[in-house]
Amino acid sequence: MSNSPKTNPNDDPSTYPLLGRMMLWTDKKKNVDWIVRGLYAICTALFLADFVYYKKVYLGMEKIPGFYAMYGFFMCAALVICARGMRVFLKRDEEFYAPHDVESEEFPDDQLEKVDYNA
Amino acid sequence: MPDVFPISLIFFFGAALLLLLPKGHLRAALLLIVPILAGTMLWNLPAGNLWTATIMGFDLEFMRVDKLSRLFGLIFCVAAFLGNLYAWHVRDTIQQVAALLYAGSAIGAVFAGDLISLFFYWEGTAIASVFLIWARRTEGAYHTGMRYLIVQIASGVILLAGAAVFYGETGSITFEKMTLGSLGTWLIFIAFGIKCAFPLMHNWLQDSYPAATVTGTVVLSAFTTKLAVYALARGFPGTEILIYIGAIMTLFPIFYAVIENDLRRVLAYSLNNQLGFMVVGVGIGTELALNGTAAHAFAHILYKALLFMSVGAVLFRTGTAKGSELGGLYKTMPLTMIFCVIGAASISAFPLFSGFISKSLILSAASHDGYYVVWAILLFASAGVFHHSGIKIPYFAFFAHDSGLRPKEAPTHMLLAMGLTAFLCIAVGVYPIPLYEMLPFEIDYVPYTTTHVITQLQLLFFSALAFAVLMRTGIYPPELKSVNLDSDVVYRWFLPRLIAKIATGVARVWNAKTSFWITRYNNVVRGLYHTHGPEGRMARAWPTGSMVIWLAVLLGISLLINFVS
Amino acid sequence: MASETTHDVAHTAMTLIDQLPVLQILIPLVAAPLLVLLGTKRLSWAITFIASVLAFAVSIALLWLVKDGGFISYELGGWAPPLGIEYRVDAANAFVLLLISGISTVILPFAYTSVRAEIAERHHTLFYSCYLLCLTGLLGVVITGDAFNVFVFLEISSLSTYALIATGAGKNKRALTAAYDYLVMGTIGATFFVIGLGFLYMATGTLNMADIAERIADQGANRTIQAAFAFIIVGMGLKAAIYPLHLWLPNAYTYAPSAVTVFLAATATKAAIYVILRFSFSVFQPEFMFETLTFEYLVLPLALLAMFAASFIAIFQTDLKRLLAYSSLAQIGYMLLGIALMNETGITAAIVHLFNHGITKAVLFMGVGAIVLRTGSSFLYRIQGMGRVMPVTAAAMVVGGLSLIGVPGTAGFISKWVLVQGALEKGWWPIAVLIVLSSLLAVIYVWRMVEILYLSSPVVGADKREAPLTMTIPMVIMAGACVYFGFATDITIGASTTAAQGLLGGTTGMIEVIETATQAGH
């Protein structure tokens with residue numbers, strides 16, 4: 001992009017809205033690691049939770065401990081890998097349908113109100 | 001009787017009144033008042049066929065009010081209100097009028113008790129809505145709108161043909177539960193199917209919604225497809241084929257959504273996926289399933305609008321909705337980000353959000369009735385929708401790598417619209433009883449059980465885990481500027497080229513004969529011009545004499561005929 | 001005549017409702033000389049307008065009274081028919097009365113501006129006086145139940161029409177020739193008609209339509225009656241501009257002042273069509289072989305010819321007014337076709353189309369009039385791109401154009417739909433196909449109009465403003481009516497069906513009238 005953070009001298013994080021400033025810590029690699037670790041912990045806890053309550057379900061396979069967890073994880077992994085594979089066949093250049101498609105066009109500026117926060 | 005009239009008229013009169021008002025806040029306010037007025041009136045209407053018009057011997061029911069139509073009518077009014085609030089800044093008369101006519105037609109169609117008035121409103125939604133696409137005013141939008149219009153009009157024409165055949169078969173034009181089997185019912189079914197974006201008829205949706213204006217897409221997302229769901233629920237409940245159609249609908253769009261770059265198109269794919277859930281519900285056709293469909297349509301209109309609003313706000317401030325161009329926007333658009341996350345949580349059916357209390361009705365109905373494979377597909381689709389709508393949209397727009405874009409927060413009216421929608425999403429999720437009470441059938445369903453909450457959280461968090469793992473291992477496909485081929489490649493790329501090829505071939509053969517025919521054609525036109533043109537024999541001026549001759553000739557013939565008889 | 005009617009009102013004044021039939025004629029008839037007597041240019045329009053509004057109100061009341069199939073018989077001067085003149089109102093003519101007086105009322109505001117722009121001010125009083133006489137004549141032709149009285153009113157309307165057309169001379173001298181031509185031809189037509197009436201009188205000894213019908217029913221057909229029918233059909237055919245007898249119409253419509261064109265196009269030929277209907281079905285017996293054959297072998301081919309030939313001519317025209325005039329000829333073809341089908345649906349179609357085409361053409365000719373006001377010409381190359389600067393006018397014209405084609409949702413669709421049904425009922429499906437095909441020709445010339453209006457830039461020198469409100473409001477009302485009657489068919493189809501049933505009822509209905517009249521009269 002033309003106005004990347006490096007080239008924009010006006011970019012000053014201390015002027016961001018309060019909510020935005022409060023979340024700036026998510027930019028740091030170290031903190032993201034902590035988020036992911038938190039996710040691991042929640043997942044473990046949810047998996048173990050299956051053993052401590054009476055699971056009232058209809059289907060046999062639902063009774064398997066952690067069925068939903070496994071199903072969610074592996075199906076999503078499969079989904080992403082399949083989709084990635086599909087790209088090999090389906091991906092085309094952005095100009096593929098041009099000029100009969102909006103994909104290759106800029107959105108008309110007069111219908112927008114682009115305001116740079118730092119300006 | 002006189003105090004009841006078709007609710008769509010409020011919208012149509014609103015549109016007419018709008019033209020008389022000066023551009024500005026007055027118009028924007030009118031756009032808000034109209035849906036409120038319609039909604040209030042709707043709320044207070046008794047059930048029954050309230051307004052009948054007889055046209056050319058047919059009794060047309062314009063106001064069939066029952067629990068199903070009232071629920072859809074109400075949520076359409078809510079959607080129109082929220083969409084118009086979001087579009088407060090728009091000063092484009094065409095978009096404003098189109099939004100009103102579109103909402104009015106959709107609501108009119110919901111209350112249509114016969115196939116003919118349904119057809120009129122059906123085409124009304126098609127014609128009014130295309131202007132929301134054309135209002136973008138680019139060449140691409142023009143072509144996209146044209147494709148959209150052709151598909152939508154085709155759906156209407158098929159509906160009309162179906163209605164005519166159906167009338168021939170049964171002698172009735174009442175729009176009631178039908179059984180698939182005859183030609184008429186199949187035609188009607190296909191007409192509904194096109195508008196509902198059945199697999200292989202779905203491309204108009206993904207093609208057109210990202211092409212509309214910022215605000216247009218929000219409005220578009222609410223009506224057309226949900227109208228089709230309503231029509232299916234009204235006309236074909238319990239039609240088994242719908243279960244499988246619906247299951248496929250939930251399945252294939254999620255793959256596309258993962259690799260799609262334009263976030264509004266991602267949402268269009270996920271819209272298609274959510275429609276699948278509703279179609280499955282209609283197909284199962286039990287009271288629980290139909291309740292699920294109605295509830296899900298209600299919840300879906302809200303959170304889908306919210307998601308389109310938040311991505312629209314990003315587009316409004318940055319000029320793009322492409323994942324590859326965005327990222328890091330949370331810094332300066334934190335409120336929009338929060339609303340987007342609420343929408344994402346709702347569509348993903350997190351407990352305490354609206355999707356949770358509606359989608360589970362359909363899943364329960366599937367498992368209760370023994371459709372285990374379908375149930376498994378729906379479960380997969382639920383996880384998948386979390387993946388692309390729940391995580392991908394907020395992540396790539398607001399987090400991911402810093403794009404360096406520092407847009408200002410969305411304007412106040414947009415925040416207000418998003419806030420209101422987000423509030424409704426949470427309210428419905430936290431306290432679903434009022435929604436359940438509006439459903440077409442009595443319902444005895446408790447969404448918040450320990451099992452349900454924990455299994456749902458397991459499904460979602462492990463899906464998130466898969467996302468995190470794939471992201472960190474670099475397997476997750478990056479957002480790339482690209483177009484992905486879908487079935488529309490057949491009519492957008494393959495057929496035109498095939499026809500061009502054939503045309504060149506034929507042209508060669510043709511050319512030999514052409515000169516002959518062109519001469520012929522020219523001669524005919526010249527002949528017509530010679531006799532019918534301004535100087536021609538047939539059109540000659542100042543013809544007193546010739547007319548007297550004609551008069552004599554005609555009198556002669558007339559007398560001859562009379563006397564000979 | 002006038003004295004007779006006034007006299008009547010004076011001494012047998014019952015309730016106002018009983019006097020409605022005569023008031024229908026009396027109001028414009030009295031207003032016309034009043035204008036000249038007062039001689040004030042300022043009031044002339046206002047008086048005309050008030051007279052027209054009152055006439056419109058009367059016709060609404062009349063239609064209301066007879067819409068369910070009743071009859072009203074009014075004896076002029078207290079002389080009972082068949083000796084005295086009788087005004088007889090049933091659904092068929094009440095509907096036409098409504099059309100004529102309604103159109104007149106709606107277009108008068110339009111005429112106000114248009115006439116001021118196109119006609120010299122010193123002629124205004126006489127113009128409106130002629131206009132009122134023309135209105136009186138047309139209403140009278142429709143309302144009267146006396147055959148000779150039809151001729152009298154026909155002449156009143158014709159003579160005033162010639163004068164009205166001639167007032168276009170201020171702009172284009174050719175209006176004089178057009179008026180003169182129409183005068184010659186119209187007089188021949190009227191003569192044929194009166195010869196036909198003479199034969200009828202010879203054969204039956206009466207001039208009251210109901211009476212004639214009864215006698216014909218009693219004695220059956222003979223040569224005299226057959227000759228009478230031929231003369232009446234051809235004579236009225238000229239007034240209605242049946243295809244080869246149309247030659248007066250394009251010039252008259254093109255060179256007449258815009259307001260006159262609107263009025264004539266929407267009403268004059270319609271009144272003639274009504275007379276054909278009335279004579280064919282109420283006076284003569286549709287069961288008679290000669291009548292059936294005349295319709296099948298003469299009127300039907302001519303109607304089809306009109307639908308195609310006139311449409312082709314319209315396509316090639318370079319003047320919008322003339323284009324629309326030829327399109328009118330084609331549309332008259334549809335009405336004649338409906339009559340020629342000789343079944344209830346066909347006649348319903350003819351009457352509905354008579355009404356729907358009236359309002360459709362009113363919009364279109366008003367649109368042209370508004371454009372002429374701004375550009376000074378109706379030649380296509382002069383009015384290019386005016387749709388962009390006159391959005392309301394052009395939009396109304398597009399609605400009218402769609403109705404002319406017969407697009408669903410417009411009035412034109414309804415009448416063509418009924419017409420196709422009528423043809424199919426008769427088993428004449430090739431005719432149904434031809435109706436659809438000829439509509440495609442209408443698509444072409446309407447598209448030409450739209451193309452000219454929108455798809456090019458306005459020529460230099462045109463006054464690039466929207467027409468004044470006095471013009472746009474009548475246009476919008478009429479365009480709204482085109483759409484309204486495309487959906488609300490209760491009034492149009494309902495009244496037309498009743499009318500068609502009444503007409504096909506033939507003599508029985510007429511005899512009934514006489515009886516009711518005798519009872520109700522005194």
May I ask you to decide whether [X] forms a salt bridge with [Y], counting only side-chain N to carboxylate O separations under 4.0 Å?
| X | Y | result |
| --- | --- | --- |
| A/Asp110 | B/Arg137 | no |
| B/Lys408 | A/Glu113 | no |
| B/Lys481 | A/Asp93 | no |
| A/Asp33 | B/Arg472 | yes |

Between [X] (side chain only) and [Y] (backbone N and O only), is there a donor and an acceptor less than 3.5 Å apart?
| X | Y | answer |
| --- | --- | --- |
| B/Arg136 | A/Pro108 | no |
| B/Gln458 | A/Cys43 | no |
| A/Glu105 | B/Gly140 | yes |
| A/Glu94 | B/Ser482 | no |
| A/Tyr71 | B/Ala376 | yes |
| B/Lys331 | A/Leu19 | no |

At what distance, to the nearest 0.5 angstrom, does [atom1] of [X] lie from [atom2] of [Y]?
| X | Y | atom1 | atom2 | result |
| --- | --- | --- | --- | --- |
| B/Phe380 | A/Cys76 | CZ | SG | 7.0 Å |
| B/Thr320 | A/Lys114 | OG1 | NZ | 9.0 Å |
| B/Ser463 | A/Phe74 | OG | CZ | 12.0 Å |
| B/Leu459 | A/Met70 | CG | CE | 12.0 Å |
| B/Asp262 | A/Glu103 | CG | CD | 5.0 Å |
| A/Met86 | B/Leu485 | CE | CG | 10.0 Å |

Select one option (side chain, backbone, both, neither) describing which atoms of [X] are under 4.5 Å from chain A's heavy atoms.
| X | value |
| --- | --- |
| B/Asp207 | side chain |
| B/Pro496 | neither |
| B/Val489 | both |
| B/Leu460 | neither |
| B/His368 | side chain |
| B/Ala141 | both |
| B/Ala400 | neither |
| B/Met146 | neither |
| B/Leu470 | side chain |

Counting heavy-atom pairs closer than 4.5 Å to chain A, which one of [options] comes out on top?
| options | result |
| --- | --- |
| B/Leu457, B/Asp486, B/Ile454 | B/Ile454 |
| B/Phe255, B/Phe461, B/Phe316 | B/Phe316 |
| B/Thr213, B/Ile254, B/Leu480 | B/Leu480 |
| B/Leu315, B/Val258, B/Val214 | B/Leu315 |

[Y] and [X], any side-chain heavy atoms less than 4.5 Å apart:
| X | Y | result |
| --- | --- | --- |
| A/Tyr68 | B/Phe462 | no |
| A/Arg92 | B/Asn484 | no |
| B/Leu465 | A/Tyr40 | yes |
| A/Arg84 | B/Ile259 | no |
| A/Asp101 | B/Arg147 | yes |
| B/Tyr256 | A/Leu90 | yes |

> Are A/Asp27 and B/Tyr330 linked by a side-chain donor-acceptor pair shorter than 3.5 Å?
Replying inline: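 There is such a pair between these side chains.
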
>> For A/Tyr54 and B/Thr450, which I'm curious about, is there any donor-acceptor pair between the side chains at under 3.5 Å?
In response: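 No donor-acceptor contact under 3.5 Å links the two side chains.
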
Closest approach of [X] to [Y] (non-hydrogen atoms, all atoms of both residues):
| X | Y | value |
| --- | --- | --- |
| A/Met23 | B/Met337 | CE-CE, 3.0 Å |
| B/Pro477 | A/Val80 | CD-CG1, 3.4 Å |
| B/Ala135 | A/Gln111 | O-NE2, 3.0 Å |
| B/Pro334 | A/Pro17 | CD-CG, 3.9 Å |

What part of [X] lies closer than 4.5 angstrom to a heavy atom of chain B: side chain, backbone, both or neither?
| X | answer |
| --- | --- |
| A/Met22 | neither |
| A/Ile81 | side chain |
| A/Ile42 | side chain |
| A/Val36 | side chain |

> Where does the angle between the aromatic ring planes of A/Phe67 and B/Trp375 fall among parallel (under 30°), tilted (30 to 60°) and perpendicular (over 60°)?
Replying inline: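 Plane angle under 30°, so parallel.
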
> Looking at A/Tyr117, is B/Arg406 sitting on its ring face, NZ or CZ under 6.0 Å from the six-membered ring centre and within 45 degrees of the normal?
Replying inline: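 No; the conditions do not both hold, so B/Arg406 does not lie above the ring face of A/Tyr117.
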
Please determine, among [options], the option with the most heavy-atom pairs under 4.5 Å with chain B.
| options | value |
| --- | --- |
| A/Cys82, A/Ala77, A/Gly72 | A/Gly72 |
| A/Ala69, A/Gly20, A/Ala83 | A/Ala69 |
| A/Glu106, A/Glu62, A/Lys55, A/Met75 | A/Met75 |

Within 6.0 angstrom of [X] [atom1], more than 12 heavy atoms from elsewhere:
| X | atom1 | value |
| --- | --- | --- |
| A/Phe51 | CZ | yes |
| A/Phe96 | CZ | yes |
| B/Tyr448 | OH | yes |

